[in-house]
Amino acid sequence: MAARPMASATISFGLVSIPCKLFPTVDNTNAVRFNYLSKDGSRLRQQYIRASDGEVVEREDRVQGYQFAKGQYVTFTADELKALNVVATNAIDIDEFIPLADVERVFIERVYYLGPDKGAARSYHLLRAALDKTGRAALARYAARGKSYLVLIRPMGEALVMEQLKHADELRTVDEVPLDICEVNDGELDLAVQIIAQRTNDKFEPENYTDEVKSRVLELIQQKIDGQQIAVAPEEKPEAKIIDLMEALRQSVADQGGTKEARPAKRASGKGGSDKRQGGESGSAGEDAKAVASGGRREG
């Protein structure tokens with residue numbers, strides 16, 4: 001089934017305009033999600049409760065506000081909130097072309113596929129080919145949904161991809177992380193490089209890996225549907241061990257057989273389960289099925 005566009009946009013650089021359509025890169029249709037129910041099986045809905053007296057506040061009585069000091073808010077009407085929004089032009093205005101390799105992955109927030117709109121195939125593929133040849137990416141601003149986004153447009157095969165980036169002030173710097181810098185022993189480094197060589201793959205093959213926790217959760221869900229009980233295994237406390245790093249590296253090399261041709265076993269791919277995001281959900285299976293999944297250990 002062909003992907004459905006989620007929005008339209010126009011890439012602009014110089015006097016060139018390229019009408020495009022945005023397509024999602026993520027498929028959430030197979031996500032495992034749980035809903036909150038009362039014990040009689042009735043679906044629960046969320047409500048807003050007034051903190052001062054615990055009373056339920058209906059939608060028409062709610063206003064939005066910004067806390068400018070502790071316990072002090074400035075409130076806004078619906079029209080004032082609209083005035084705060086950026087005009088959604090759906091224009092992707094390219095500011096500059098930068099080396100693609102210079103963009104750290106920590107900046108990437110979301111990724112979208114870009115496809116040419118009607119009549120734009122020639123200019124679309126011209127931009128893709130030019131970026132591919134120069135090894136550069138287009139840094140642009142994208143105004144949509146009342147917000148302004150910093151985006152990066154880069155080639156991917158025969159297509160263009162738009163990556164929504166975080167702004168610099170939204171990120172912590174790595175300087176804030178205590179790293180305890182120390183010297184690396186040459187012998188240990190040689191063994192670590194040898195382990196990497198034993199498990200090297202010359203290409204990225206994500207299809208070799210599946211979400212094993214999700215598969216296990218789906219198995220347990222089916223057991224419940226079939227009327228079977230799920231036994232939760234007691235949590236095992238990890239033992240504190242003092243590890244000799246050099247010995248651990250040597251053993252790792254020996255376990256791989258000491259050959260550079262050793263490769264990780266391919267994992268069978270598989271899909272299961274379907275449910276769209278709905279109101280009143282408690283979240284992903286990783287959050288709500290923790291008790292369910294804790295009894296299943298990783299297999300394979």
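This structure is a prediction, so every number in the text was calculated from the model and none was measured.
Using a 4.5 Å heavy-atom cutoff, the side chains of Leu220 and Val217 are not in contact. By the 4.5 Å heavy-atom criterion applied to side chains, Met162 and Val111 are not counted as neighbours. Counting heavy atoms from C-beta outward, Leu249 and Ile195 have side chains that approach closer than 4.5 Å. Leu165 places a side-chain heavy atom less than 4.5 Å from the side chain of Leu139. The side-chain heavy atoms of Lys214 and Asn30, taken from C-beta on, include a pair separated by under 4.5 Å. The side-chain heavy atoms of Tyr142 and Leu150, taken from C-beta on, include no pair separated by under 4.5 Å. Looking at Ile98 and Leu152, their side chains come closer than 4.5 Å, going by heavy atoms from C-beta outward. Side-chain atoms of Arg154 and Leu131, non-hydrogen and from C-beta on, never get closer than 4.5 Å to each other.
Taking every heavy atom of both residues into account, Glu55 and Asp53 meet most closely at N-OD1, 3.0 Å. Counting all heavy atoms, side chain and backbone alike, Arg128 lies closest to His125 at NE-ND1, 3.3 Å.
Not one N or O on the side chain of Gln251 forms a donor-acceptor pair closer than 3.5 Å with the backbone of Ala248. Counting only distance, with no hydrogens or angles, the side chain of Arg141 and the backbone of Tyr149 share no donor-acceptor pair below 3.5 Å. Side chain of Lys21 to main chain of Lys118: no donor-acceptor pair is present (N/O by atom type, distance under 3.5 Å, no hydrogens or angles). Gln72 places no side-chain N or O within donor-acceptor distance of the main-chain N or O of Ala69, the cut-off being under 3.5 Å. When atom types are taken as modelled, the side chain of Asp226 and the backbone of Gln228 share no donor-acceptor pair closer than 3.5 angstrom. Formation of a donor-acceptor pair under 3.5 Å by the Ser17 side chain with backbone atoms of Ser12 is not found in this model. Judged purely by atom type and a 3.5 angstrom limit, Ser42 has no side-chain atom pairing as donor or acceptor with the backbone of Ser38. In terms of modelled atom types and a separation under 3.5 Å, the side chain of Asn185 and the main chain of Glu188 share a donor-acceptor contact.
By the 6.0 Å contact criterion, CD on Glu176 is enclosed, its count of non-hydrogen atoms from other residues, nucleotides or ligands being greater than 12. Within 6.0 Å of CD in Gln229 there are 12 or fewer heavy atoms belonging to other residues, nucleotides or ligands. Residue-environment remark: CD (Glu104) stays at or below the threshold of 12 foreign heavy atoms within 6.0 Å. Within a 6.0 Å radius of CZ in Arg62, other residues, nucleotides and ligands contribute more than 12 heavy atoms.
A distance of 6.0 Å separates CZ of Arg33 from CG of Asn28, quoted to the nearest 0.5 Å. Met156 CE to Leu114 CG: the interatomic distance, rounded to the nearest 0.5 Å, is 10.5 Å. The line from CG of Leu160 to CD1 of Ile153 is 7.0 Å long, rounded to the nearest 0.5 Å. Rounded to the nearest 0.5 angstrom, Glu207 CD and Tyr209 OH are separated by 10.0 Å. From Tyr66, atom OH reaches atom CZ of Phe76 across 9.0 Å, with rounding to the nearest 0.5 Å.
Remark: Lys203 engages Glu205 in a salt bridge, criterion side-chain N to carboxylate O under 4.0 Å. Here Glu163 does not pair with Arg110 in a salt bridge; the nearest charged N to carboxylate O distance is not below 4.0 Å.
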### Task
Go through Thr77 and Asp79 one step at a time and tell me if the side chain to side chain donor-acceptor pair (under 3.5 Å) criterion holds.
CA-CA 5 Å; Thr77 65; Asp79 288 338; 5.4 Å; no
